[in-house]
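First up is the structure itself, then whatever we jot down about it.
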Amino acid sequence: METLPWYKEYKVLGIPKTFKPYPDKPVYDILEIAAKKYKNNGLLQKDYFISYPQLLEYVNRLASRLQSFGLIKNDIIATILPTSTEFIIADYAISKAGLIHLPCSSLEPAEALEHKFKEGKPKAIICTSNDIKIVTHLIKKTSVRAIIIADTRTSNFVPTIDTNKIKIPSSSIYELYSLIQNSSGNINPVPINVETDIETLIFTGGTTGIPKGCMLTHRNIYANCIQNLHALGAGGLTFKGAISVILGLPFFHTYGHCLMHTMMLFGFNIIIINDPRDTKSMVENIKKHYPVMQIGVPAQFMKLAKEDLSGIGIIGLSGSAPLSESTQEEFEKRSNSGIMEGYGLSEMSPVTHLNPSVIYRILGGRFGVRLVSLLSSIPGNSYLTNQLFRLIGTRNFGWIFTKIISYRMKKTSQKPGKKSVEKRRTIGVPFPDTEVRFLDFETGNILTIDDMLAGKRAEMLLKGPQRMLGYWPKPDSGCDAEGFIHTGDIVQIDSNGYFYIVDRSKDMINVSGFKVYSKEIDDIAGEHPHVEAAATVGIPNPEKEGSEVVVLFVQLYPQYKNKTKEQDILKYLQSKVAKYAVPKFIQLVDELPRTAVEKVDKKILRQMAIDHFLLSKKKAKIKTK
């Protein structure tokens, strides 16, 4: 086996170079494991708690009713649901009935939803009562047999819905919990080929083009859960069933969908935040239940950093969008907590990389992590430790461990002139079994690992057991001849195999032949103490064909609005970046536009830049000479 630089990190963390062979089990096996091993744990949604055994019963009952509708293997079921217990019930029931899940959200633009329904042609829909108008519009050109209303349950009382008052032509209307209550739970077993049978049809975000349906098989999703399971190292496995985690991610998005399954495979108590923008609920649950982990996106951590979380001590896991160092610093400062950044894409189910270095700070450096890994490898040690943690109870153990996190993060906070063991601005190292290739974006040649270690930058290509079957409906579409996904992300790596995203190839800006990496400008602008977030785009230069103009959008911290001017940001950048990379135009905005999953929407910003700076007759506020 080829020696790769990130294998050094595997050794420290105590994880193997491969997890093969992966279990030939369908995704719903994850819930069955949780119900058997972690009977006292489950899902907490406001004041409503459901244990994993009870959840499994609900899933079996709903799967039975879905089959009774005459739906057959590989029929597609769409959901338009918030992050909720109801989404999880629907997801596993669809899977267990041998059907394919098409997750959607009412937060998506109408055009995106229409595209998904046109492509997937769902045979049934599960949605909230608030989304009936949307559904009525969407099903005009599809043959939907059943519509199931699944309102969010926030207590032990079941939501009351009079389905007789809902009239939709050619469709039968049902209520989720009534279906569950009146079901026998008897399921006709459906044979599953984990390699080829699709579990979820999840669409790309469409920020750089038309959304594409990624066909994620049972093998793809299960394999990625196992890869995620070991990401915290051998010591992390002792937490199985012993802690709580907060999930405030949109489950219709691939990141939230995968982490939902992974946290269940861990057997954790999952605290569900229905609205990803509900920072208040996140804070309340953190203070009440002492979760050890918060799974989120950068925008959520930015908002949490403004809250009073002093001494809380939590491990954040951030994905879906680049995490700025200023967000990490502010979050740590306000809560004595740390954030690990991950990387993934829908086509890879989605996670491929994770930066574990904050664990090194908590456990006393690389030596401390290695020691924990060695102790965990002693037969019986990991099991006994896990049993002790579980005996303490998730809330009590969470209180203890978050205090340890807080103490260690405070003690190891970076001092001037002292190097930290934590690496930042990196997506970390690839998961085991994730194959990586490096494509020279100028020559089209494949670069060697030695080329990359010498400082080269290249487009990252990925393959592995978590790689999608293909774009709907054609297997192997979206991959090159050797099965690799071309991510469009330009990377460089360090001597330990940590990956750094330099830019997206589609976001890279060409200024008179010079390449400007927009993410680098974002990061540098974000280091200005008055800047909360920044985003850089390129637009055509009307005075020079084939060249582009750099445009920077800046969101200031509230206390600096109407005080800091565009000229201040410009002056700062002129001292930090090459002359050709200095933005031609700078625009201050109240808030950067974001997608439904809280990514900065550069597609909108690019159009804003064109409209304002190229098409508008108004003079730009700043125009550098």
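For clarity, every value in this text was computed on a predicted model and none was experimentally measured.
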To the closest 0.5 Å, what do you measure between CZ (F431) and CG (L462)? 12.0 Å
Taking the inter-plane angle between the rings of F268 and F266 on a 0 to 90° scale, is it parallel (under 30°), tilted (30 to 60°) or perpendicular (over 60°)? parallel
Determine, stepwise, if the pair N41 / Y52 fulfils side chain to side chain contact (heavy atoms under 4.5 Å, CB included). CA-CA 6 Å; N41 290 354; Y52 287 132; 3.9 Å; yes
Between N269 and T394, is any side-chain donor less than 3.5 angstrom from a side-chain acceptor? yes
Could you report the tightest heavy-atom contact between I604 and P593, atom names first, then the distance? CG2-CG, 4.0 Å
Identify the heavy atoms of N274 and P276 that sit nearest to each other, and give their distance. O-CD, 3.6 Å
Distance-only criterion, 3.5 Å: show the donor-acceptor pairs between side-chain atoms of residues 213-228 and protein atoms not counting sequence neighbours.
| from | atom 1 | to | atom 2 | distance (Å) |
| --- | --- | --- | --- | --- |
| T217 | OG1 | V194 | O | 3.4 |
| T217 | OG1 | R219 | N | 3.4 |
| T217 | OG1 | N220 | N | 3.0 |
| T217 | OG1 | N220 | OD1 | 3.1 |
| T217 | OG1 | N220 | ND2 | 3.4 |
| H218 | ND1 | V27 | N | 3.0 |
| R219 | NH1 | E195 | OE2 | 2.7 |
| R219 | NH2 | P23 | O | 3.4 |
| R219 | NH2 | D24 | OD1 | 2.4 |
| N220 | OD1 | T217 | N | 2.9 |
| N220 | ND2 | P465 | O | 3.0 |
| N220 | ND2 | R467 | O | 2.7 |
| Y222 | OH | D29 | OD2 | 2.7 |
| N224 | OD1 | V351 | N | 3.1 |
| N224 | ND2 | Q227 | OE1 | 3.0 |
| N224 | ND2 | V351 | O | 2.8 |
| Q227 | OE1 | Q466 | NE2 | 3.3 |
| Q227 | NE2 | P432 | O | 2.9 |
| Q227 | NE2 | Q466 | OE1 | 3.4 |
| N228 | ND2 | N224 | O | 3.0 |
| N228 | ND2 | T262 | OG1 | 3.3 |

Indicate yes or no: at least one non-hydrogen side-chain atom of M468 is less than 4.5 angstrom from one of I485. yes
Tightest non-hydrogen contact, residues L62 and L179, listed as CD1-CD1, 4.4 Å
Distance-minimising heavy-atom pair for V491 and I501: CG1-CD1, 3.6 Å
When you compare the side chain of D601 with that of L605, does any pair of heavy atoms fall below 4.5 Å? no
Please report the interatomic distance CD(E341) to CD1(I427), rounded to the nearest 0.5 Å. 7.5 Å
Can you check whether G464's main-chain N or O pairs, donor with acceptor, with T434's side chain at less than 3.5 Å? no
Heavy-atom count around K73 NZ within 6.0 Å, excluding the residue itself: above 12? yes
Shortest non-hydrogen pair, T83 vs Q45, comes out as O-OE1, 4.3 Å
Less than 6.0 angstrom separating the ring centers of W6 and F499, yes or no? yes
Between atom CE of M263 and atom CG of L229, what is the distance when rounded to the nearest 0.5 Å? 8.0 Å
Centroid-to-centroid, H137 to F117, below 6.0 Å? no
All side-chain contact (heavy atoms from CB on, under 4.5 Å) counterparts of K280, not counting sequence neighbours: D278, E284
Could you check whether atom CG of N40 has more than 12 heavy atoms from other residues, nucleotides or ligands sitting under 6.0 Å from it? no
Using the side chain to side chain donor-acceptor pair (under 3.5 Å) criterion, which residues pair with N130? Sequence neighbours excluded. none
Let me confirm one number: the NZ-CG distance from K602 to L592, rounded to the nearest 0.5 Å. 10.0 Å
List the atom of V135, the atom of C127, and the distance in Å for their closest heavy-atom pair. CG2-SG, 3.7 Å
How long is the straight-line distance from CD1 of I100 back to CD1 of I198, given to the nearest 0.5 Å? 4.0 Å
Do the charged groups of R504 and D489 touch, with an N to O distance under 4.0 Å? yes
Does the pair K25/E32 count as a salt bridge with the N-to-O cut at 4.0 Å? no
T152 vs E86 side-chain heavy atoms within contact, under 4.5 Å: yes
Pairing of E57 and R61 as salt bridge, 4.0 angstrom limit: yes
When rounded to the nearest 0.5 angstrom, what is the spacing between CZ in F87 and OG in S105? 9.5 Å
May I ask you to decide if A299's main-chain N or O and R594's side chain share a donor-acceptor pair within less than 3.5 Å? no
Is it true that a side-chain atom of E347 and a backbone atom of G478 form a donor plus acceptor pair closer than 3.5 Å? no
Please walk me through it: do H261 and H257 pass side chain to side chain contact (heavy atoms under 4.5 Å, CB included)? CA-CA 7 Å; H261 289 303; H257 188 257; 3.4 Å; yes
More than 12 heavy atoms from other groups under 6.0 Å of CZ on R277: no
Between Q294 (side chain) and G316 (backbone), is there a donor-acceptor pair under 3.5 Å? no
Within the 4.5 Å heavy-atom criterion, are V190 and D197 side-chain neighbours or not? no
Short question: side chain of S64, backbone of N60 - any donor-acceptor pair under 3.5 Å? no
Between T487 and M460, is there a donor-acceptor pair closer than 3.5 Å when you use the side chain of the first and the backbone of the second? yes
Under the side chain to side chain contact (heavy atoms under 4.5 Å, CB included) rule, what do Y58 and I88 come out as? Steps first, then yes or no, please. CA-CA 10 Å; Y58 279 16; I88 296 176; over 6 Å; no
Considering only heavy atoms from C-beta outward, does the side chain of Q300 approach that of T279 to under 4.5 Å? no
Can we call the ring centroids of F397 and F239 under 6.0 Å apart? yes
Main-chain N/O of N188 paired to Q67 side chain as donor or acceptor, under 3.5 Å: yes
Does any N or O in the side chain of R65 come within less than 3.5 Å of the main-chain N or O of L176, such that one atom is a donor and the other an acceptor? no
Using modelled atom types only, decide if a donor and an acceptor are shared between the side chain of S184 and the backbone of N186 within a distance under 3.5 Å. yes
With a 3.5 Å distance limit and no angle check, can you tell me whether H289 reaches the backbone of P291 through a side-chain donor-acceptor pair? no
Is it the case that the side chains of T18 and D433 hold a donor-acceptor pair, with the cut-off being a distance below 3.5 Å and no angle test? yes
With a 4.5 Å limit on heavy-atom distance, are the side chains of L259 and V245 in contact? no
Out of L71, I125, I148, which residue meets the side chain to side chain contact (heavy atoms under 4.5 Å, CB included) rule with I77? L71
Is any side-chain heavy atom of E435 closer than 4.5 Å to a side-chain heavy atom of E482? no
Test item: side-chain donor near acceptor, E199 and Y28, under 3.5 Å: no
In the structure I gave you, are the side-chain heavy atoms of Y92 and I30 within less than 4.5 Å of one another anywhere? yes
